[in-house]
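Taking it in order: structure first as structure tokens, then the write-up.
Owing to the predicted nature of the structure, the values given are computational and were not obtained by experimental measurement.
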Amino acid sequence: QLEKKMEYIAQKYELTNEGNSFPIYDGVGNIEEYLLFKPRIACLLKEPYDEIVDGMAQGGGWSIPRDCFMRPDQRWSNLTYQRIIYTIYGQRNNLKYMEMDYIRNDHSMGDVLRSIAWVNLNKMPAQKRSNQTYIANFKKYWKDVVQEQLKIYSPDIILCGNVFGACHEELFPHVRLLHTIPGKENMKDIAIYNYAQTLLFDVAHPGIIGKSHEAIGYYIDSINEAIRTLWIMNCDFLKRNEESLKIW
């Protein structure tokens, strides 16, 4: 139903670039696995890309979760996918970045992407390097769909890859800052907010955090350490609050 809504919006507002581009669908690859793991994690990013023809973004009509994350022969050469895989795999297995194998040596590490929610603010194919037009497209065309996705998926953790400032007023009003982790090697600070029962991580886009092992490790390990501590604290707070309400 969500994909049908994306297709309807693209046709209604004539976003298909004369029939040469279609939405690139996002969401969850394996619903059962997504529901199995705690905390449930969503990645909120800017926009996808496919083909560039004569400088114009084209393509689409396929699904990131189904056609990328569920592929048995995926080799995970995309840097954005790699950094998210290391983050989720490390969180699930309580491993730091330098304690993990290389993805190129163990492609099965990428299976963790099947059990997270992958959501883009803009659903149409774009350039490989995003500009600010994705913000206008999100607010004009896709805001309601993204809101519905996050409501349905109900993640415990949302990793906002350099999009928090562009969407928090529409998606996460009245957030409360919990913690800030200083950035490293030109990487922006990691700011962590509480919104209702969800922890929001305002982090750099995983594809542009640098190529050194130190920068990548700092990014991944900082996120996972914060998840391990703050999410447990948040759960304890909510549990105590529920118990207090019952007593009251």
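The shortest side-chain heavy-atom distance between Tyr81 and Phe69 falls under the 4.5 Å cut-off. Between Ile116 and Ile88, some side-chain heavy-atom pair lies under the 4.5 Å cut-off. The side-chain heavy atoms of Arg75 and Arg104, taken from C-beta on, include no pair separated by under 4.5 Å. Counting heavy atoms from C-beta outward, Tyr49 and Ser130 have side chains that stay 4.5 Å or more apart.
In this structure, the side chain of Glu3 does not engage the main chain of Tyr25 through any donor-acceptor pair within 3.5 Å. Between the Asp189 side chain and the Ala191 main chain, no donor and acceptor come within less than 3.5 Å of each other. A donor-acceptor contact shorter than 3.5 Å links the side chain of Tyr86 to the backbone of Ile103. Asn17 contributes no side-chain N or O that, together with a main-chain N or O of Asn20, makes up a donor-acceptor pair within less than 3.5 Å. With hydrogens and angles disregarded, no donor-acceptor distance shorter than 3.5 Å links the side chain of Asn194 to the backbone of Leu199. Formation of a donor-acceptor pair under 3.5 Å by the Glu47 side chain with backbone atoms of Thr133 is not found in this model. Under a 3.5 Å cut-off, the side chain of Ser21 and the backbone N or O of Thr16 do form a donor-acceptor pair.
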Worked verdict on Trp142 versus Asn122 for side-chain hydrogen bond (donor to acceptor under 3.5 Å, both in side chains): CA-CA 6 Å; Trp142 305 112; Asn122 179 28; 3.1 Å; yes
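One finds no salt bridge joining Glu32 and Arg114 here, because no Lys/Arg side-chain nitrogen approaches an Asp/Glu carboxylate oxygen to under 4.0 Å. With respect to Glu99 and Lys96, no salt bridge is recorded, no charged nitrogen being found less than 4.0 Å from a carboxylate O. For the pair Lys184 and Glu214, the salt-bridge criterion is met [side-chain N within less than 4.0 Å of a carboxylate O].
Under the 4.5 Å side-chain contact rule for hydrophobic residues, Met98 and Tyr89 share a cluster. Residues Trp231 and Tyr34 do not share a hydrophobic cluster, clusters being chains of Ile/Leu/Val/Met/Phe/Trp/Tyr side chains in contact below 4.5 Å. At a threshold of 4.5 Å between side-chain heavy atoms, the hydrophobic network of Ile, Leu, Val, Met, Phe, Trp and Tyr places Val163 and Ile158 in one connected group. Neither Ile190 nor Leu44 shares a network with the other; the hydrophobic side chains, linked directly or stepwise wherever heavy atoms of I, L, V, M, F, W or Y lie under 4.5 Å apart, form separate groups for each. Note on Leu2: it does not cluster hydrophobically with Ile24, by side-chain heavy-atom contacts below 4.5 Å among ILVMFWY residues.
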Pairs under 3.5 angstrom only: tabulate donor-acceptor contacts from the side chains of residues 200-212 to other protein residues two or more places apart or in another chain.
from: Asp202; atom 1: OD1; to: Lys188; atom 2: NZ; distance (Å): 2.8
from: His205; atom 1: ND1; to: Gly207; atom 2: N; distance (Å): 2.9
from: Ser212; atom 1: OG; to: Glu185; atom 2: OE1; distance (Å): 3.1
from: Ser212; atom 1: OG; to: Glu185; atom 2: OE2; distance (Å): 3.3
from: Ser212; atom 1: OG; to: Ala215; atom 2: N; distance (Å): 3.1

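The distance from the OH atom of Tyr193 to the SG atom of Cys160 is 10.0 Å, given to the nearest 0.5 Å. Atom-to-atom distance recorded for Met124:CE and Met6:CE is 11.5 Å, nearest 0.5 angstrom.
Note: His168 and Phe164 meet the aromatic proximity criterion, with ring centroids under 6.0 Å apart.
Listed by first then second residue, pairs satisfying salt bridge (charged side-chain N to carboxylate O under 4.0 Å, His left out) with a partner in residues 136-155 read Lys5-Glu148, Lys139-Glu170, not counting sequence neighbours.
With Phe37 as the aromatic partner, Arg92 meets the cation-pi criteria of under 6.0 angstrom to the ring centre and within 45 degrees of the ring axis.
Classification of the His213-Tyr97 ring pair by plane angle, with boundaries at 30° and 60°, yields tilted.
Checking Lys46, Lys123, Arg66 one by one against Asp26, the salt bridge (Lys or Arg N to Asp or Glu O under 4.0 Å) holds for a single residue, Lys123.
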